[in-house]
2 protein chains.
Amino acid sequence: MLTQAAEDYLKSIYKLQEKGEKVSTGALAEYLDVKPASASGMIKKLKTMNLITYERSEGVTLTDAGSEIALEIIRHHRLLELYLNQALGVPWDGVHDEAEVLEHVISEEVEARMDAYLGYPTSDPHGSPIPDKNGVVQQTESIPMTELHSSQSCVVAEVSDDDSALLRHLGNFNLYPGTTFTVIDVAPFEGPFTIDIAGQEAVIGREVAKHIMVNNVKDT
Amino acid sequence: MLTQAAEDYLKSIYKLQEKGEKVSTGALAEYLDVKPASASGMIKKLKTMNLITYERSEGVTLTDAGSEIALEIIRHHRLLELYLNQALGVPWDGVHDEAEVLEHVISEEVEARMDAYLGYPTSDPHGSPIPDKNGVVQQTESIPMTELHSSQSCVVAEVSDDDSALLRHLGNFNLYPGTTFTVIDVAPFEGPFTIDIAGQEAVIGREVAKHIMVNNVKDT
DNA sequence: AAATTAATTTAGGCATACCTAAATTATATA
DNA sequence: TATATAATTTAGGTATGCCTAAATTAATTT
């Protein structure tokens, strides 16, 4: 059995790798809020377990075995987020922290039952895809809201899950995945977006907009 | 924050204390399947935290602060057992092991939501009382099934929760808490019990009967 | 090519929680 | 009372995972 820390490393490596970044010891340490030396030690350990490979130029790369575990943890996390939200009514800005600890201890049996209860869902409350039992991830193309222009409409696809203040803010505007909105105006010089959501007007700052991924963009 | 191990010690001390036994280092070690030296070390630690007192003659005693924590963990455990069984359909012989790890990581928020979902229940799937938020335990008087005589009827009050093979066995006879049955016959020389449950006849061995607590005993 | 800067690794420490084995302290029994 | 037995504690060792600080290696820049 892997330790919780090791699982967190694999999950983080997967996420960084997904972004297309080369996963250096330092980048990994920063992501995990840990000193580079600690990351270095864990990298050595995961390497001996054949869960990652490491080369100075390439950085860390997950092996197939490593990917499998990373995806399993991510699946646990996202399924838990959705379950806590749907079954227990935990607000979407609170599910991440809860899932962060439960993901390491939940059994396959309980997970399977939550999965069935939820009807084998494919995305979590923040719009992130939930890998299936075989680790297959359903990818969707989306673009950051910052690339939108005036009078374009779109659907919220995904938002960051780890900043609860941001999530509460988005929740106030009903900016959940699946919600449709139209850009009324984009202020010049990198200014904020004014949008229309179900008849309601809202102003969304640039920094916030960066964290909102959208799709189904249409000119109106 | 206490460690998981420390919480397990407090919980175990509470349970042993509840039985009226004097909680010696050795008894505690045996209960936790740990060497006496390990228990000795933890006792020292818990003592410095003022969660227990210790005297050679008396053994370990929980302080008020220690009791509070023990009851909180027990509440987590039993509420989780009931939730897993009711909300997710985990069979009653499987909930103990699941709860054993979750009890240490579940948040107060999630617990409160499970509690509300279940309608503020007072006993778990095995009939054990669930302490309320303030640590108040609703006590019920019950006697071991082994004290019953022929033609007495009774209601199952509580069964041990940690032996899954036993629980599966009892489940086969529908011997869940709340179930009524009548003793048809008690074989002589410490022999097995023949009982009637909803018209069905079943033979229950003495060793098994020891683990079944009953109440509402009536002569028929 | 040499020197500066950045990234990485090693070395040494801390805390938790477990273990075994030996020493100690109580409690019975003869 | 002295000895045997049982219970308990101490001492020393394991492993994990974190830390800081120093040493090393690689990549830039001059």
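All values below come from the heavy atoms of this structure, side chains included, with hydrogens, waters and symmetry mates left out. Chain letters run A, B, ... following the sequence lines, proteins first and then strands; every chain starts at 1.
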Whole angstrom is fine here: how far is it from [atom1] in [X] over to [atom2] in [N]?
X	N	atom1	atom2	answer
B:L32	C:dC19	CG	P	10 Å
B:Y54	D:dT8	OH	C1'	6 Å
A:E55	D:dA27	CD	C1'	17 Å

Minimum heavy-atom distance between A:D124 and A:E81, given as atom pair plus value: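 Heavy-atom minimum between the residues: OD2-OE1, 3.0 Å.
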Where is the tightest heavy-atom contact between B:L71 and B:G135, given as atom of each residue plus distance?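 The pair with the smallest heavy-atom distance is CD1-O, 3.3 Å.
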Is there a side-chain contact between [X] and [Y], using heavy atoms and a 4.5 Å cut-off?
X	Y	value
A:I69	A:L51	yes
A:L88	B:E109	no
B:Y54	B:T25	yes

Aromatic plane relationship, B:Y117 with B:Y83 - under 30° parallel, 30 to 60° tilted, over 60° perpendicular: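 The rings of B:Y83 and B:Y117 stand perpendicular, inter-plane angle above 60°.
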Using the ring of each side chain (for Trp, its six-membered ring), is B:W92 parallel, tilted or perpendicular to B:Y176, with breaks at 30° and 60°?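 Aromatic pair B:W92/B:Y176 classed perpendicular.
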Between A:D161 and A:R78, is there a salt bridge with N-O shorter than 4.0 Å?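 A:D161 and A:R78: not salt-bridged.
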Contacting residues from residues 13-31 of chain A, given that a heavy atom lies under 4.0 angstrom of DNA chain D: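 By residue number: none to list.
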Whether each nucleotide of nucleotides 13-26 of chain D has a protein heavy atom under 4.0 Å at its base (B), only at its sugar-phosphate (S) or at neither (-) is summarised, 5' to 3', as ---SSSBBB----S
